[in-house]
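Heads up: numbering here begins at 1 and tracks the sequence. Note that these values count all heavy atoms, side chains included, but never hydrogens, waters or copies made by symmetry.
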Amino acid sequence: MTVMDDWVTAVCAELDLDSTAVPVPAVLDLARDVAHQVLRPGAPVTAYLLGLAVGRGADPADAAARLSALAGAWPVGLDAEPTDPTAP
């Protein structure tokens with residue numbers, strides 16, 4: 001087992017979840033896509049949102065693929081100037 005496997009198994013035991021149902025590669029790919037194509041802090045937030053969607057019945061692989069595609073099409077890169085959402 002890898003450290004990631006050990007961690008996922010421990011977290012799942014703590015939260016009473018089935019560790020065999022965790023799509024680790026899909027979550028890591030999604031986090032990478034968001035971190036590199038949108039913004040780094042968006043990666044853990046997006047992973048959390050993916051978890052919420054899956055908890056509500058979304059297919060994990062489909063939802064992760066859709067979010068990765070969204071990140072890939074996102075117009076703002078890491079080198080872009082941040083925008084103020086409250087600005088007129």
Are Tyr48 and Val54 linked, directly or through other ILVMFWY residues, by side chains that come within less than 4.5 angstrom of each other? no
Non-hydrogen atoms of Ala58 and Ala63 that approach each other most closely: CB-CB, 4.3 Å
If Ile, Leu, Val, Met, Phe, Trp and Tyr residues are connected whenever their side-chain heavy atoms lie under 4.5 Å apart, and connections chain through other members, are Leu15 and Trp7 in the same group? yes
Quick check on side chain to side chain contact (heavy atoms under 4.5 Å, CB included): which of Asp33, Leu30, Asp29, Asp62 does Leu67 satisfy it with? Leu30
Do we see a donor-acceptor contact under 3.5 Å between the side chains of Asp6 and Thr9? no
Nearest non-hydrogen partners of Pro23 and Ala21, listed with the distance: CD-O, 3.2 Å
Candidate list Leu39, Val34, Val38, test side chain to side chain contact (heavy atoms under 4.5 Å, CB included), partner Trp74, passing option: Val38
Gln37 side, atom CD; Ser68 side, atom OG - distance, nearest 0.5 Å: 8.0 Å
Which hydrophobic side chains are connected to Val24, either touching it within the sub-4.5 Å cutoff or through other members that do? Met4, Val8, Val22, Leu28
When every non-hydrogen atom of Ala35 is compared with those of Ala43, the smallest separation belongs to CB-CB, 4.0 Å
